[in-house]
Novice: 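Here it is: the structure, laid out below.
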Amino acid sequence: MLWLAAGAIDAALAGSNGLSATMLPTALRETALLMAWVGAITSVLGLVSAWLVTHYSFPLRRLFEWALILPLAVPTYLAAYTYVEFLDFTGPIQQAVRALTGAATLRDYWFPNIRTNTGAAIVLSLVLYPYVYVACRAFFLMQSASLNIAARTLGASGLRTFFSITLPLSRPAIVVGATLAMMEVVNDLGAVQYFGVNSLTAIIYSTWINRGNFGGAAQLAVTIVLIIGVLILAEQWARRNRVYLSSRDSRVPPVREALRGARAWGAFGFCALLLVAGFGIPFGQLTYSALRTLRPEAVALTISAGVPTIMLGCVGGLLTVAIGLFAARQSNGPGGPVPRGAIRLATLGYAIPGTVLALGLLQPLGLADLWINRATMAAFDWRPGLILSGSMIALCYVYAIRFLAVSHSTLDAAMRKRGRSMLDAGSVLGASRWRLLWRIDLPTLSPAILSAATLVFVEIVKELPATLLLRPLGIDTLATVVFARANVSLFAEAALPALAIVLIGLIPVVLATRPGIGRKV
């Protein structure tokens, strides 16, 4: 971040203000509009779905309660590609329209164009609403039902109770979930480029890759960091408001009202439509395209991209979990506020888009490679070439920065639940820190370590912006293969690698819905 700030200041002092005068206002406007629409739509979808599954009984409610999380397995860029394929001229919807109307070309009928800013907001919201759903569902389950019961006793209808009690009390949960969804919008690169949205992330990528203008890209990157800072402050403000919530009384568990008739089928229809739109259509389109193009070339492409993807996921996951374990031990140790503050600052990398992190590392790593080559040339008359920049080392480094919060939060929660009694007993008996690590920490934290490693592995497999900028020449991952094929309108060729990404993304969803997993970590 310091390198980016220095680059932005240098560009401004050099009089490079053309970017601010032309590209920055457009990028800010379109990014703000996209974030606002996604925040509003995800808030409505997530709140209503969480309210239905926690307050009412209707057909397949138990299935929807966990299945509504499934859209999180679909990366935003894959949702964009699949929806365009689904609604394209050759897709099933327009084929059905032509069959019913007898039309032959687009001139014979009208069909909305999804590759617009509005289409981007809708598609992104359909796969990001689970952030709000999960936050609101957890909030509703922790709250006492006494307030709702009192309101209904006094004659208030279910709808009035929702707007007078449920909605005001759930405001912090909505803000937390919507903030996470908007952070994903800021981080996204593949979807916004495919939809033609001039977002900050897309313009940063274009400014650096297509124009080679590091100063202009740095100015945009610093702007993104400021936006992320505002979102983090908003999320923390929402958490502070928890003092206004009503704690759950174990004597008054949440009560579900049994719906009958049209109301029951209305709730069922809403949840089913949301699940189909957020997960069913992307997964179904990917499966159809993968089976239709299932040839030896597609399998070979998936394997050739899958091997480095798995290697990066494993190495990056092990490195990130190791750092996260060290940070969690420091957080739960006898250290003062300075180490804890440094750890908290280090875990903020998850909130910074991968494009910004990659941009901030490109030049420093390039300079380090230059110094290494000069040193080896002077000492041994030999140039090792690129060691840090454009290498697996750079990718693992940026993965550790970006996903440290994932491993640290999981391991820190497990350590807090376990307590320090065993560690204190071992210290009294004279055990060293390394012996405590091998004899106590690793055995007792093994479920949390496995869970953290799995989550980080999946995040690395799905990650696109940083991998796209920092990957070595000639090395492709599943995500970069899909991105490259989609950008030249050959997404069908990459349907099998895209399906592999979604199937891998289902792993943490399955783990999260297994009994006891959430309690272990």
Novice: Roughly how far apart are E463 CD and L357 CG, rounded to 0.5 Å?
Specialist: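 So the gap between those two atoms works out to 9.0 Å.
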Novice: To check you understand the geometry: which heavy-atom pair defines the closest contact between Y77 and A479, and what is its length?
Specialist: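 Heavy atoms of Y77 and A479 come nearest at OH-CB, 3.4 Å.
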Novice: Verify, without hydrogens or angle tests, whether R485 (side chain) and A494 (backbone) share a donor-acceptor contact under 3.5 angstrom.
Specialist: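 Here the side-chain-to-backbone pair does not exist.
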Novice: Is the ring pair F491/Y81 parallel, tilted or perpendicular, if the boundaries are 30 and 60 degrees?
Specialist: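 Aromatic pair F491/Y81 classed tilted.
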Novice: Quick check: closest heavy atoms across S407 and G324, and the distance to 0.1 Å?
Specialist: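 Distance-wise, the nearest heavy atoms are OG-CA, 3.6 Å.
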Novice: Can T26 and E30 be counted as having a side-chain donor-acceptor contact under 3.5 angstrom?
Specialist: no
Novice: Please identify which of these residues, V321, L455, L445, meets the side chain to side chain contact (heavy atoms under 4.5 Å, CB included) condition with T410.
Specialist: L455
Novice: Does the side chain of L87 come within less than 4.5 Å of F111's, by heavy atoms?
Specialist: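 Sidechains of L87 and F111: in contact.
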Novice: Going by heavy atoms in the side chains, are V185 and W37 under 4.5 Å from each other?
Specialist: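 They are not in contact (no side-chain heavy atoms under 4.5 Å apart), so the answer is no.
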Novice: Assess whether atom OH of Y397 is packed by more than 12 heavy atoms of other residues, nucleotides or ligands within 6.0 Å.
Specialist: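 Result for OH/Y397: open.
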Novice: Quick one: are V175 and T179 in side-chain contact, heavy atoms under 4.5 Å?
Specialist: yes
Novice: Are the side chains of P130 and L68 in contact, using a 4.5 Å heavy-atom criterion?
Specialist: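 With C-beta onward as the side chain, the pair stays apart.
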Novice: Flag the pair T82 / Y288 as yes when at least one side-chain heavy-atom distance between them is below 4.5 Å, and no otherwise.
Specialist: no
Novice: Looking at every heavy atom in both I504 and F457, which two are closest together, and how far apart are they?
Specialist: CG2-CE2, 4.0 Å
Novice: Among L468, T76, I204, which one satisfies side chain to side chain contact (heavy atoms under 4.5 Å, CB included) with L189?
Specialist: L468
Novice: Write down the atom of A400, the atom of I323, and the distance for their closest heavy-atom approach.
Specialist: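 That closest heavy-atom pairing would be CB-CD1, 4.1 Å.
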Novice: Using ring centroids (six-membered ring only for Trp), state whether W51 and Y56 fall under 6.0 Å.
Specialist: yes
Novice: Of all the heavy-atom pairs spanning A79 and V127, show the shortest one and how long it is.
Specialist: CB-CG1, 3.7 Å
Novice: Report the distance from atom CG of L34 to atom CE of M182, rounding to the nearest 0.5 Å.
Specialist: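 The distance works out to 11.0 Å.
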Novice: Is there a side-chain contact between F283 and L503, using heavy atoms and a 4.5 Å cut-off?
Specialist: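 They are in side-chain contact.
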Novice: Between R137 and E65, does any side-chain N to carboxylate O distance fall below 4.0 Å?
Specialist: yes
Novice: If you define the side chain from C-beta out and look only at heavy atoms, does anything of T201 sit under 4.5 Å from N187?
Specialist: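 SC-SC contact between T201 and N187 ruled out.
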Novice: Grab the two heavy atoms, one from L469 and one from A358, that are nearest each other, plus how far apart they are.
Specialist: CD1-CB, 3.7 Å
Novice: Can you tell me how far apart OH (Y194) and CD1 (I114) are? Round to the nearest 0.5 Å.
Specialist: 10.5 Å
Novice: Checking N117 against L33 for the side-chain contact (heavy atoms from CB on, under 4.5 Å) test, could you report, in this order, the C-alpha distance in whole Å, the side-chain angles of both residues, the deciding distance, and whether it holds?
Specialist: CA-CA 9 Å; N117 291 21; L33 286 174; 5.8 Å; no
Novice: Would you say the side chain of V315 lies within less than 4.5 Å of the side chain of Y399, judging by non-hydrogen atoms?
Specialist: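 Y399 vs V315: side chains apart.
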Novice: If you round to the nearest 0.5 Å, how far is CD1 of I203 from CD of Q193?
Specialist: 10.5 Å
